[in-house]
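Just the heavy atoms: all of them, side chains too, but no hydrogens, waters or symmetry mates, feed the values below. Numbers here simply count residues along the sequence, with the first being 1.
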Amino acid sequence: MLFADPAETVVFFDLDHTLWDFDANAATTLRALHTAYHFGRWFGVEAFIDTYTRVNHLAWKRFHQGLISQAELRVSRFPDTFRALGADPTAVPAGFGEEFITACSSQTATFPHTHAVLATLQARGYPLHILTNGFRDSQHRKLAAAGLATFFTEVITTDCAGCAKPDARIFRHALARAGTTAARSVMIGDSLEADILGALNAGWASAVYFNPGRERHYVTVPHEITDLRALLKIFY
């Protein structure tokens, strides 16, 4: 299904790993914090980044599956990283997780062509919104820092919805916030489970799976792209 009528189509984007390059921004932040806190006495910076990335991805997967809460996700990632690196998890500095979130969410790296694609979709008249499992404070900070805030009318987070993708309730909440219907709505995101299947199971018109790493999977999806510019051929 392709879309050519902005009056009949509303577009929702995930933020992290779809527009805002979480891994690149996290790496920049972790390098700075590794130096500031002298973590080199326990482990190298690249091992720190690689291990945190793996731990964080697993934590978000468990969160999407409803196995841990937002609060648990926020406080467990660095102790789990230290543990995986063979360091004492109690050595994580007090407030370190919040310091990381604040510093990381002020970073500006986005995926290639993000601004140009959003500007074109906006110029074509498509209503654009954010639907994210991230935290309200950090997601708004990311949008502002990366110069993305002006593209979106609504920013729907788990904080305001009281639930997270793939729960159908957050998709219904997003429709209400945007003043639209499932039959007119399309979800774009990097998570097959949270974004794509979540939207389709909630009855949305379509979904676009953003898979820049060309990760192998066995899920049939309406659209799969590796470059954001491909959206301009879907929403034309």
Side-chain angles (χ1 to χ4, degrees), residues 10-26 29 53 56-57 59-66 68-74 77 97-98 100-102 104-111 114-115 117-118 121-122 126-180 182 185-202 204 207-212 225 228 231:
V10 178
V11 183
F12 292 80
F13 280 90
D14 179 45
L15 182 57
D16 295 337
H17 306 288
T18 300
L19 300 174
W20 194 79
D21 192 339
F22 182 93
D23 289 343
N25 290 316
T29 306
T53 299
N56 183 57
H57 286 185
W60 276 103
K61 182 177 181 179
R62 295 182 68 212
F63 176 65
H64 291 155
Q65 294 171 339
I68 59 173
S69 67
Q70 270 194 346
E72 290 171 316
L73 183 150
R74 260 185 141 156
R77 291 177 294 185
E98 292 301 316
F100 167 79
I101 290 170
T102 298
C104 186
S105 59
S106 299
Q107 301 297 323
T108 62
T110 57
F111 281 92
T114 290
H115 291 81
V117 168
L118 292 175
L121 292 176
Q122 189 177 63
Y126 286 99
L128 307 178
H129 307 286
I130 290 289
L131 177 53
T132 170
N133 276 354
F135 311 113
R136 184 182 186 282
D137 54 350
S138 61
Q139 300 306 75
H140 281 275
R141 194 180 302 116
K142 292 171 186 176
L143 289 167
L148 299 176
T150 57
F151 293 114
F152 302 102
T153 303
E154 295 290 342
V155 178
I156 298 102
T157 67
T158 53
D159 306 64
C160 65
C163 52
K165 298 175 292 184
D167 192 317
R169 291 175 296 170
I170 195 171
F171 289 94
R172 291 195 295 269
H173 179 80
L175 297 179
R177 284 274 298 273
T180 189
S185 301
V186 183
M187 183 72 211
I188 301 166
D190 71 290
S191 171
L192 281 170
E193 182 177 32
D195 299 314
I196 309 310
L197 296 180
L200 296 176
N201 290 338
W204 284 27
V208 181
Y209 176 41
F210 180 52
N211 185 16
I225 63 174
L228 290 174
L231 292 174

Backbone N/O of Gly198 and side chain of Trp204: donor-acceptor pair under 3.5 Å: no

Least distance between heavy atoms, Leu231 atom then Ile188 atom: CD2-CD1, 3.8 Å

Matching residue for Thr110 among Leu148, Leu15, Leu228, Asn25 - test: side chain to side chain contact (heavy atoms under 4.5 Å, CB included): Leu148

His173 to Ala161 - nearest heavy-atom pair and separation: CD2-CB, 3.8 Å

Single hit among Asp195, Leu197, Leu192, Ile225 for side chain to side chain contact (heavy atoms under 4.5 Å, CB included) with Tyr209: Leu192

CG on Leu143 to OG on Ser105, rounded to 0.5 Å: 10.5 Å

Between Phe151 and Phe13, ring centroids under 6.0 Å: no

Spacing of CZ belonging to Phe171 relative to CD1 belonging to Ile156, to within rounding of 0.5 Å: 10.5 Å

Separation between OG1 of Thr102 and CZ of Arg141, rounded to the nearest 0.5 Å: 4.5 Å

Rounded distance (nearest 0.5 Å) linking atom NZ of Lys61 with atom CG of Leu73: 14.5 Å

Side-chain heavy atoms of Leu19 within contact of Phe210, under 4.5 Å: no

Atom pair OG/CD1 of Ser106 and Ile101 - distance to nearest 0.5 Å: 11.5 Å

Closest contact, heavy atoms only, Thr53 versus Asp23: CG2-OD1, 4.0 Å

Parallel, tilted or perpendicular: rings of His17 and Phe22 (30°, 60°): tilted

Carboxylate-amine/guanidinium proximity below 4.0 Å for Asp137 and Arg74: yes

Stepwise side chain to side chain contact (heavy atoms under 4.5 Å, CB included) check, Arg136 with Val155: CA-CA 8 Å; Arg136 184 182 186 282; Val155 178; over 6 Å; no

Pair Gln139-Thr132, side-chain donor/acceptor within less than 3.5 Å: yes

Trace of the side chain to side chain contact (heavy atoms under 4.5 Å, CB included) decision for Ser191 with Lys165: CA-CA 10 Å; Ser191 171; Lys165 298 175 292 184; over 6 Å; no

Pairs touching residues 147-156 that satisfy side chain to side chain donor-acceptor pair (under 3.5 Å), sequence neighbours left out: Glu154-Arg177

Spatial distance of atom CZ (Phe135) from atom OG1 (Thr158) [nearest 0.5 Å]: 6.5 Å

CA sep, side-chain torsions, deciding dist, call: Phe12, Thr180, side chain to side chain contact (heavy atoms under 4.5 Å, CB included): CA-CA 11 Å; Phe12 292 80; Thr180 189; 4.2 Å; yes

Minimum-distance pair of heavy atoms, taken over all atoms of Cys104 and Trp20: O-CZ2, 3.2 Å

Test item: side-chain donor near acceptor, Asp190 and Thr18, under 3.5 Å: yes

Closest non-hydrogen atom pair, Thr157 against Gly134: CB-O, 3.5 Å

Shortest non-hydrogen separation from Ala164 to Ile170 and the atoms involved: C-CG2, 3.8 Å

Side chain to side chain, Leu175 and Ser185, heavy atoms closer than 4.5 Å: yes

